[in-house]
S.K.: 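Below is one structure. I have some questions about it.
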Amino acid sequence: MIELVHKPHERNLVAWARNRPDVLVLSGDLTGSTEIQLFKDTYPERFFSMGMAEQNMLSWAGGLAREGFVPFLHTFSVFLYRRPLDQLEMSVCYPNLPVRLIGFLPGLNTPGGVTHQAINDLGVLRAIPNLTILETGDATDVETVLDLTEEIPGPIYVRMLRGDVARLFPANERIRLNNARVVREGDDLALITSGHCTSEAMRATAALARRGVAIRHLHVSTLKPFSDPLVEETIAVSGRGVITMENHLVTGGLGSAVAEMMAEKGIGGPLYRMGIRDTYAQGASFPYLLRKHGIDAKALVDKVGTILGKNFRLTEDDLRVATVPVFPPSLVDERQGSERLEAL
């Protein structure tokens, strides 16, 4: 049984910031939804509610960073890059300032529909100079990513998990920059996943192992830079192909990063990119959306079967070999219950 950790970021942020007076937290009117209410209560003088004005929040962050502070911006992923892209580039990334963008509900994690689903954030943000991009995949990643930010002097974007988060990796194995985790060893295929897709892939690979299929599975938490020698080595020796699986469009994210590495390093072999195809999603539960867009455990089993020319006849019961995270509660637009409305 996999341990579930309740709101690991909320507790970790407060403890981590205790002896770091330069750390400030900025909220985009989503304080409760981004697990920073405890920070606000504990360090009210270091908390700023910027309202539904993301462009202004990014500009403020740049100014605060120039004055020696380290601002941590908290909102949904989509609101950190879609509306304030110019401010992000000119006020934060161009001057290469230590601003930390903590983005919640990346990809299909929210049933809030297209206005809330950041399905192309990696494609946009990987193209911005100076910006480091990280993605958490379990409670250990969440609890140690703040330590990692201290090693990175420039701006950082983090795809963050919230709520009850599964611990897939030992608590003492901290997230490391540009360094993938080996989840499972095997030589039939290579599998590279990120974020929520890692737990789905773990269910699939465990069931496939009982059918005699050995897959080398890497969990990637650094999307930029993307030059990990372990990833390069893994795809270079996988003669039967490489599968990427991500909570993002197949263009611009993890699959594209692996394709670029293969092209630049002259690594041959087939690449199978699993992700959202050229479409917008819809408002629905996270498990439903994963199934519809073909990025859950069953879709991975089917993909492996197609590649290897086998029908594994695995059922949902067969795939219940690991406890997956408790997904975010249903919401239409959490801002409808935000601090702004509560103040009226």
Side-chain angles (χ1 to χ4, degrees), residues 1-4 105-111 117 119 135-141 159 161 163-169 180-186 188-221 234 238 240-250 253-255 258 271-277 281 284-328:
M1 183 69 68
I2 290 179
E3 173 193 3
L4 290 176
L105 303 184
L108 301 176
N109 284 53
T110 168
Q117 289 163 340
I119 60 172
E135 181 166 17
T136 58
D138 87 317
T140 300
D141 281 354
R159 280 182 139 210
L161 299 178
D164 292 319
V165 182
R167 188 178 302 285
L168 307 177
F169 311 112
R181 298 180 188 270
V182 179
V183 182
R184 181 178 288 270
E185 290 286 5
D188 286 325
L189 285 165
L191 171 64
I192 303 173
T193 65
S194 60
H196 264 303
C197 287
T198 293
S199 60
E200 290 293 315
M202 290 173 70
R203 295 201 296 139
T205 55
L208 287 167
R210 293 199 294 269
R211 295 293 195 276
V213 179
I215 295 176
R216 189 176 208 213
H217 178 196
L218 300 185
H219 166 67
V220 168
S221 53
T234 297
S238 179
R240 303 183 76 173
V242 179
I243 303 172
T244 59
M245 188 175 175
E246 60 189 308
N247 183 17
H248 186 272
L249 288 170
V250 294
L254 175 63
V258 171
L271 171 64
Y272 307 93
R273 296 180 297 166
M274 297 181 65
I276 307 163
R277 294 291 161 176
S285 71
F286 187 47
Y288 172 85
L289 291 172
L290 289 180
R291 171 61 58 85
K292 178 177 179 178
H293 292 278
I295 46 177
D296 66 351
K298 183 64 166 58
L300 179 56
V301 167
D302 292 343
K303 174 64 72 175
V304 173
T306 299
I307 295 170
L308 301 181
K310 297 181 180 180
N311 185 349
F312 297 107
R313 294 183 174 86
L314 287 167
T315 67
E316 283 297 326
D317 286 337
D318 296 322
L319 293 171
R320 290 193 184 99
V321 296
T323 301
V324 296
V326 175
F327 303 113

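Start at 1 with the first residue, then count along the sequence. The structure displayed is predicted, hence computed values, not measured ones.
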S.K.: CG of L319 to CG of L300: how many Å apart, nearest 0.5 Å?
M.R.: 9.5 Å
S.K.: Which pair of heavy atoms, one from G212 and one from D188, lies closest together, and at what distance?
M.R.: O-OD2, 3.8 Å
S.K.: Check H293 against A281 and note the closest heavy-atom contact, atom names and distance.
M.R.: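 Here H293 and A281 meet closest at NE2-CB, 3.9 Å.
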S.K.: Just so I know, are the side chains of F312 and L208 near enough to count as touching, which here means a heavy-atom distance under 4.5 Å?
M.R.: yes
S.K.: How far apart are the closest heavy atoms of L168 and G137, and which atoms are they?
M.R.: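 Residues L168 and G137, closest heavy atoms: CD1-O, 3.7 Å.
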S.K.: Are the side chains of V250 and R277 in touch, meaning some heavy atoms are under 4.5 Å apart?
M.R.: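 V250 vs R277: side chains touch.
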S.K.: For E200 and A297, which heavy atoms make the closest approach, and how far apart are they?
M.R.: OE1-N, 2.8 Å
S.K.: Rounded to the nearest 0.5 Å, what separation is found between the CG atom of D302 and the CD1 atom of I307?
M.R.: 11.0 Å
S.K.: Roughly how far, to the nearest 0.5 Å, is the CD atom of E185 from the OG1 atom of T205?
M.R.: 12.0 Å
S.K.: Can you tell if the side chain of I276 reaches within under 4.5 Å of the side chain of L108, non-hydrogen atoms only?
M.R.: yes
S.K.: Taking all non-hydrogen atoms of both residues, which atom of N247 and which atom of I295 are closest, and how far apart?
M.R.: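 Minimum heavy-atom separation between N247 and I295: CA-CD1, 4.1 Å.
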S.K.: CZ/R184 to CG/L218 distance, rounded to the nearest 0.5 angstrom?
M.R.: 13.0 Å
S.K.: Nearest 0.5 Å please: distance from the CZ atom of R159 over to the NE2 atom of H196.
M.R.: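 Here the interatomic distance stands at 10.0 Å.
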S.K.: Side-chain contact test, heavy atoms from C-beta onward, threshold under 4.5 Å: evaluate it for I192 versus L254 and give yes or no.
M.R.: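 Side-chain contact under 4.5 Å: yes.
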S.K.: Using every non-hydrogen atom in the two residues, find where A204 and V301 come nearest and quote the distance to one decimal.
M.R.: CB-CG2, 3.8 Å
S.K.: Are the charged groups of R167 and D141 less than 4.0 angstrom apart, N to O?
M.R.: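 No salt bridge links R167 with D141.
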S.K.: Under the rule for salt bridge (charged side-chain N to carboxylate O under 4.0 Å, His left out), what residues qualify as partners of R291, not counting sequence neighbours?
M.R.: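 Per chain and number, R291 pairs via salt bridge (charged side-chain N to carboxylate O under 4.0 Å, His left out) with D296, E316.
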S.K.: Compare all side-chain heavy atoms of M202 with those of V183 and state whether any distance is below 4.5 angstrom.
M.R.: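 Side chain of M202 against side chain of V183, heavy atoms only: contact under 4.5 Å found.
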S.K.: Would you compute the distance between atom CE of M274 and atom CG of L191 and round it to the nearest 0.5 angstrom?
M.R.: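 Between atom CE of M274 and atom CG of L191 there are 8.5 Å.
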S.K.: Does any N or O in the side chain of R203 come within less than 3.5 Å of the main-chain N or O of K298, such that one atom is a donor and the other an acceptor?
M.R.: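 Checking the backbone N and O of K298 against the side chain of R203, no donor-acceptor pair under 3.5 Å is found.
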S.K.: Sequence neighbours left out, what pairs pass ring pair (Phe, Tyr, Trp, His ring centres under 6.0 Å) with at least one residue falling in residues 198-219?
M.R.: F169-H219
S.K.: Is it the case that T244 and R273 place a side-chain donor and acceptor less than 3.5 Å from each other?
M.R.: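 The answer is no; no qualifying pair exists.
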